[in-house]
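Have a look at the structure below, then the notes.
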Amino acid sequence: LPQSHPFTGTAAAPAVGGLIAEALTHMGFDVHMKWPNDLLRREEQEEGPGWCKVGGILLEERGGVLLAGVGLNISSAPPASALREGFALPAGVLRHAPAPPPAPAVDHTGIQTGFIPLLPLWTRLAGLVFSCYFQKNIGTETSWWPALAQRHLAFHGCRVRLEDALPEHDSGAERSFCEGVVEGLCVSGALRLRVKSDVLTF
């Protein structure tokens, strides 16, 4: 990743998540970002429509370079029995968003519905991520990434429970759970949560 804002601080994970979600959306996948670094899609489940996790992003520094590792469930997903205890969402598979009829056999990316060849997918995804980053970042002093990430933010406007919440500006606070309505993201990368009449950041 470039050695510049937002990849030099706490905003790096949700900024990368927003870029990946934006690129996958351009490719025809209905993907959302669960703050700070999971990729989700809506899927019909036994109890009705719900969210499933189709990918994740891990950032790691090696030799002064920040690398983004992106994992996507392309053709299969682990069953619930294989997930860690207390998992938040079931695993799912990346699929194209339904196309309005008549649907072409091959979409604008050249990827056939129902079959996702890995190398073309990854090449196109990486190209779109870099293209989006340079289009948004060049020639502007404003922080471009929060609006991009919020466009793909899962649970925006919904009530959620943070199990391991750490207030952003309270260095002496202990981690605890917190419930509130997701309001969006801060430039710092923190999640804005409406708790009663206040908006808190975590």
Side-chain angles (χ1 to χ4, degrees), residues 1 5-45 48-59 66 68-73 77 87-98 125 128-133 135-137 140 142-169 175 177-202:
L1 296 169
H5 178 79
F7 308 116
T8 53
T10 54
V16 173
L19 285 166
I20 298 287
E22 177 82 356
L24 286 168
T25 299
H26 277 295
M27 295 171 69
F29 298 103
D30 187 19
V31 173
H32 302 267
M33 179 190 71
K34 174 177 170 277
W35 176 86
N37 60 350
D38 285 342
L39 298 168
L40 310 181
R41 65 178 288 274
R42 285 194 178 276
E43 186 172 80
E44 278 297 325
Q45 298 167 1
W51 293 98
C52 63
K53 180 178 173 178
V54 297
I57 302 161
L58 288 177
L59 302 184
L66 187 64
V70 182
L72 298 171
N73 296 340
F87 65 89
L89 296 167
V93 177
L94 191 69
R95 292 197 184 103
H96 281 88
L125 177 61
L128 283 169
V129 166
F130 281 107
S131 174
C132 179
Y133 169 73
Q135 284 177 14
K136 299 283 185 186
N137 196 51
T140 178
T142 61
S143 190
W144 52 269
W145 79 265
L148 174 77
Q150 282 179 175
R151 190 162 58 242
H152 302 286
L153 186 62
F155 310 115
H156 198 182
C158 298
R159 187 168 188 81
V160 300
R161 176 183 169 111
L162 300 182
E163 292 289 343
D164 197 20
L166 183 63
E168 182 181 25
H169 298 295
R175 292 177 180 270
F177 75 87
C178 182
E179 291 187 1
V181 175
V182 175
E183 290 269 310
L185 300 166
C186 300
V187 173
S188 64
L191 184 70
R192 290 189 294 118
L193 210 63
R194 179 168 292 282
V195 181
K196 297 181 180 177
S197 59
D198 295 326
V199 175
L200 307 177
T201 57
F202 297 90

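Excluded from the calculations below are hydrogen atoms, water molecules and symmetry mates; all remaining heavy atoms, backbone and side chain alike, are included.
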message: Once side chain to side chain donor-acceptor pair (under 3.5 Å) is applied, what residue pairs with a partner in residues 9-22 remain, sequence neighbours excluded?
response: Glu22-His26, Glu22-Arg151, Glu22-His152
- request: State, to 0.1 Å, how close Leu39 and Gly17 come at their nearest heavy-atom pair, and which atoms those are.
  value: CD2-O, 4.3 Å
- request: Just jot down the side chain to side chain donor-acceptor pair (under 3.5 Å) partners of His156, sequence neighbours excluded, or say none.
  value: none
message: Asp198: which residues meet the salt bridge (Lys or Arg N to Asp or Glu O under 4.0 Å) condition with it, sequence neighbours left out?
response: none
- line: d(Tyr133 OH, Leu148 CG) to nearest 0.5 Å is 12.5 Å
field: Residue list, side chain to side chain contact (heavy atoms under 4.5 Å, CB included) with Leu59, at least two apart or on another chain
entry: Leu1, Ala12, Ala13, Val16, Ile57, Leu66, Ala68
- prompt: Atom CG of Leu19 and atom CG of Leu24: how far apart are they, to the nearest 0.5 Å?
  reply: 11.0 Å
- request: Could you grab the distance from atom CG of Leu72 to atom CD1 of Ile20, nearest 0.5 Å is fine?
  value: 7.5 Å
message: Using side-chain contact (heavy atoms from CB on, under 4.5 Å), reason through Phe155 and Leu40 one step at a time and then give a plain yes or no.
response: CA-CA 11 Å; Phe155 310 115; Leu40 310 181; 3.9 Å; yes
field: Contacts of Phe87 that satisfy ring-ring contact (aromatic ring centres under 6.0 Å, His included) - sequence neighbours left out
entry: none
Set of residues satisfying side chain to side chain donor-acceptor pair (under 3.5 Å) with respect to Lys53, sequence neighbours excluded: Asp38
query: Considering all heavy atoms of both residues, which atom of Ala149 and which atom of Met33 are nearest to each other, and what is their separation?
result: CB-CE, 4.0 Å
query: Atom NE2 of His169 and atom OG1 of Thr201: how far apart are they, to the nearest 0.5 Å?
result: 4.0 Å
field: Partner residues of Phe202 under the ring-ring contact (aromatic ring centres under 6.0 Å, His included) criterion, sequence neighbours left out
entry: none
statement: dist Trp145:CH2 -> Gln150:CD (nearest 0.5 Å) comes out at 8.0 Å
Side-chain polar contacts of residues 178-195 - donor-acceptor pairs under 3.5 angstrom, sequence neighbours left out - could you list them?
from   : atom 1 : to     : atom 2 : distance (Å)
Glu179 : OE2    : Arg161 : NH1    : 3.4
Glu183 : OE2    : Arg194 : NE     : 3.2
Ser188 : OG     : Glu168 : OE2    : 2.4
Ser188 : OG     : Ala190 : N      : 3.4
Arg192 : NH2    : Glu183 : O      : 3.3

field: Point-to-point distance, once rounded to the nearest 0.5 Å, from CG of Leu128 to OG1 of Thr25
entry: 10.5 Å
query: Just checking, Arg41 and Trp51: is the charged tip under 6.0 Å from the six-membered ring centre and within 45° of the axis?
result: no
